[in-house]
Amino acid sequence: MSWIKRTGEFCAVAAALIWIQPIAGAHVKAHGLFTDGAVLQQGMRVPVWGSARDGEKVTVQIGNDTEETTAAEGAWKVYLKPMTAGGPYTMTIQGENRIVLKDILVGEVYVCSGQSNMEMPMAAQVAGGSEAIARSADPMLHLLTVPRNISDMPLRDITAQWQPANPGTVTYFSAVAYFFGRDLRRDLKVPVGLIHTSWGGTPAQAWTSWSALKAEPSLLHYNTDYERARTEYGYQRQEHQAAQSRYQGALAAAKANHTEIPKPPTEPHDPMDAGHPSGLFNGMIAPLIPYAIRGAIWYQGESNSGASYEYQTLFPTMIADWRREWGEGDFPFFFVQLAPYMAITTHPEESGWAELREAQRLTTLRVPHTGMAVITDVGDEKDIHPRRKEPVGDRLERAALALANGRNIEYSGPTYNSIAFRDDKAIVRFKHAAGLHTEDGAAVKGFAIAGEDHKWVNATAVLKGNSAIVSSPQVSRPYAVRYGWANYPVVNLVNRAGLPASPFRTDHDKLTSEPR
């Protein structure tokens, strides 16, 4: 797609913005995240680090805080004292050379990661994008895009550049991340820094470290499968080279004899692609650690929809992995549940995308300090990249305000709490259900019910307080209820805040992606 190509070009430009040291051959260098315009996290100790000659004294000064250290093994690190939001400041890093960084802000910093729906830039015909870009100038909102990089080993530095939000920088920045940051700036009235690091079409295992995958028995296969693939690729390369030599001979003969030109041999697939386990963690997450952050936002899942049962383990493992590596404790992690996609069906059926949404929902129950943005109302039947990104950013920002900043606001749509059965009816109770109603004022849509035969049929539902009373004349003794269980769910339950209810199931039937 054109916007993916343009985003790649933008990353290439960002990668080319090499920070020039003030003195040629200078020993002291700051990590690539510390450039003009960097945003430092308020309210916590802030690590600042880089490289230098062993034994070299390094002093870092910002505002009234001055920290000193001595470089060892080619590296140095200091911790700045917690700061309150503000700026711009000047940061000075002094060794045998002097580095001066300008326009440094202190506020809220978020890592923004995932696959193509996070990567999708404002320029990609995002709904309301042109108007938002035109109004995007904000010297207190700074953006940084991490260049695409795949690595077999954790990298420790990047080449990138913080830039203030304006029409020129926002145009090719992540739309979801921009709307999230814009709204956070508006409501908190402090500087905001967004570190965008995403890659379209990538699975969660690519963003998880080797050590985390190896430590979880059910995920160990990613390591062994990859090592096997690398070994086989070596043999395939040898065979391809031999086939290429035979092809060149056959090609020369065909041209000399005016016979049919043979087809060249197919190049073997290199398993070290953007989807290979840990490759993007190594290349695009590890270099950011331990930059001080408030938390992370995440939009991914499409590439794991064929293994959604495993995602119940993989996704929480990835979150725990990031938190462990960052060493900031259980920092807030807010993610987007998959949008509706593919053909609308009118009868209940099994769905890999519904199963992935269920894995995402279960994450919020099992992993502390997480929040989920439900977007069942902003999908596109024919486009895996729905254009309405502003509501996505808004719902992520609501979660941040409530869970990271202590604001007393509703941040979640209705979520399943419990179920009880009475005669031929199922009573489903919800959390986050104040003002439970249908968004369009019509009858409740999206429920299915099953009896002891485990056959699912469409159901009607009547709302009462924070509950839905679900039934069908075809089911006399209900066994379980599902809501929004489809690739493209047609649903309309919302709460008083207008936030949509998460799809869910109350049964424990074997999932289509579950090992047999």
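For this chain, numbers begin at 1 and follow the sequence in order.
- Side-chain contact between Val109 and Arg294 is absent, with no heavy-atom pair separated by less than 4.5 Å.
- Nearest heavy-atom pair across Ala274 and Ala206 is O-CB, 3.5 Å.
- One finds the CG atom of Leu141 at 8.5 Å from the OG atom of Ser136 (value rounded to the nearest 0.5 Å).
- For the residue pair Lys102 / Thr90, no side-chain donor-acceptor distance below 3.5 Å is found, with atom types taken as modelled.
- Side-chain contact between Glu355 and Glu514 is absent, with no heavy atoms from C-beta onward closer than 4.5 Å.
- In Arg230, the CZ atom is crowded: over 12 heavy atoms of neighbouring residues, nucleotides or ligands sit closer than 6.0 Å.
- Aromatic pair Phe281/Trp210: ring centres not closer than 6.0 Å.
- Val60 has its side chain within reach of Trp76: a pair of non-hydrogen atoms, C-beta onward, lies under 4.5 Å apart.
- For Tyr309, the OH atom sits in a loose shell: 12 or fewer heavy atoms of surrounding residues, nucleotides or ligands are nearer than 6.0 Å.
- Between the side chain of His432 and the main chain of Thr415, no donor-acceptor pair closer than 3.5 Å is present.
- When atom types are taken as modelled, the side chain of Gln94 and the backbone of Thr59 share no donor-acceptor pair closer than 3.5 angstrom.
- Side-chain atoms of Glu119 come within 3.5 Å of backbone atoms of Gly200 as a donor-acceptor pair (strictly under, hydrogens ignored).
- Between the side chain of Asp394 and the backbone N or O of Glu390, no donor-acceptor pair lies under 3.5 Å.
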Using side chain to side chain contact (heavy atoms under 4.5 Å, CB included), reason through Leu396 and Val176 one step at a time and then give a plain yes or no.
CA-CA 9 Å; Leu396 289 168; Val176 167; 3.7 Å; yes
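- Between the Gln360 side chain and the Leu338 main chain, a donor and an acceptor come within less than 3.5 Å of each other.
- Between the side chain of Asn495 and the main chain of Ser412, a donor-acceptor pair closer than 3.5 Å is present.
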Is there a side chain to side chain contact (heavy atoms under 4.5 Å, CB included) between Ile62 and Leu40 once you walk through the steps?
CA-CA 11 Å; Ile62 182 171; Leu40 310 181; 4.0 Å; yes
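- Atom CZ of Phe504 is separated from atom CZ of Arg482 by 11.0 Å, given to the nearest 0.5 angstrom.
- With a 4.5 Å cut-off on side-chain heavy atoms, Val39 and Val192 do not count as touching.
- Although no hydrogens or angles enter the test, the distance criterion places a donor-acceptor pair under 3.5 Å between the side chain of Arg387 and the main chain of Ala124.
- In this structure, CG on Asn282 lies 8.0 Å from OG on Ser209, to the nearest 0.5 angstrom.
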Under 3.5 Å, sequence neighbours excluded: what are the donor-acceptor pairs made by side chains of residues 77-87?
{"unit_1": "Lys81", "atom_1": "NZ", "unit_2": "Asp65", "atom_2": "OD1", "d": "3.4"}
{"unit_1": "Lys81", "atom_1": "NZ", "unit_2": "Glu67", "atom_2": "OE2", "d": "2.7"}

How far apart are the C-alpha atoms of Ser502 and Gln337, what are their side-chain angles, what is the distance that settles it, and do they pass the side-chain hydrogen bond (donor to acceptor under 3.5 Å, both in side chains) test?
CA-CA 8 Å; Ser502 171; Gln337 195 179 54; 3.2 Å; yes
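- A donor-acceptor contact shorter than 3.5 Å links the side chain of Thr363 to the backbone of Ala359.
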Tell me, with the steps shown, if Asp157 and Lys29 meet salt bridge (Lys or Arg N to Asp or Glu O under 4.0 Å).
CA-CA 11 Å; Asp157 208 345; Lys29 181 180 183 299; 3.5 Å; yes
Given the rule in the side chain to side chain contact (heavy atoms under 4.5 Å, CB included) test, do Phe179 and Val126 qualify, once you have shown the distances and angles that lead to the verdict?
CA-CA 11 Å; Phe179 286 126; Val126 168; 4.0 Å; yes
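- Across all their heavy atoms, Ala71 and Arg53 have their closest contact at CB-O, 3.3 Å.
- Nearest heavy-atom pair across Ser351 and Ala354 is OG-N, 2.9 Å.
- In this structure, the separation between CD1 on Ile150 and CH2 on Trp199 is 3.5 Å, given to the nearest 0.5 Å.
- The shortest distance between side-chain heavy atoms of Met118 and His196 falls below 4.5 Å.
- At least one side-chain heavy atom of Asp103 sits less than 4.5 Å from a side-chain heavy atom of His142.
- Note that CG of Leu194 and SG of Cys112 are 4.5 Å apart. Values are rounded to the nearest 0.5 Å.
- In the model, Thr169 has no side-chain atom that pairs as donor or acceptor with a side-chain atom of Gln163 under 3.5 Å.
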Please report, to 0.1 Å, the donor-acceptor pairs under 3.5 Å made by any side chain of residues 324-334, with sequence neighbours excluded.
{"unit_1": "Arg324", "atom_1": "NH2", "unit_2": "Asp321", "atom_2": "OD1", "d": "3.0"}
{"unit_1": "Trp326", "atom_1": "NE1", "unit_2": "Tyr291", "atom_2": "O", "d": "2.8"}
{"unit_1": "Glu328", "atom_1": "OE2", "unit_2": "Ile293", "atom_2": "N", "d": "3.1"}

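- Two residues are said to be in side-chain contact when any heavy atoms from C-beta on lie closer than 4.5 Å; Thr197 and Ser113 meet this criterion.
- Considering only heavy atoms from C-beta on, Val374 stays 4.5 Å or farther from Arg395 through its side chain.
- Note that OG1 of Thr159 and CG of Leu33 are 10.5 Å apart. Values are rounded to the nearest 0.5 Å.
- Taking each heavy atom of Ser467 and Leu436 in turn, the nearest pair found is O-CD2, 3.9 Å.
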Can you check side chain to side chain contact (heavy atoms under 4.5 Å, CB included) on Leu184 and Leu401, steps first, answer last?
CA-CA 8 Å; Leu184 206 60; Leu401 287 178; 4.1 Å; yes
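- Looking only at distances, no side-chain donor or acceptor of Thr69 sits under 3.5 Å from a matching main-chain atom of Val58.
- For the residue pair Tyr226 / Gln205, no side-chain donor-acceptor distance below 3.5 Å is found, with atom types taken as modelled.
- Looking only at distances, a side-chain donor or acceptor of Gln115 sits under 3.5 Å from a matching main-chain atom of Gly301.
- Residue pairs meeting the ring pair (Phe, Tyr, Trp, His ring centres under 6.0 Å) criterion with at least one partner in residues 95-116, sequence neighbours excluded, are Tyr110-Phe180.
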Criterion ring pair (Phe, Tyr, Trp, His ring centres under 6.0 Å) on Tyr483 and Tyr416, from CA distance to verdict
CA-CA 9 Å; Tyr483 173 75; Tyr416 169 71; over 10 Å; no
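- Between Ala501 and Thr376, the shortest heavy-atom distance links the atoms O-OG1, 4.2 Å.
- Residue Leu314 comes nearest to Ala204 through the heavy atom pair CD2-CB, 3.8 Å, listed as atom of the first residue, atom of the second, then distance.
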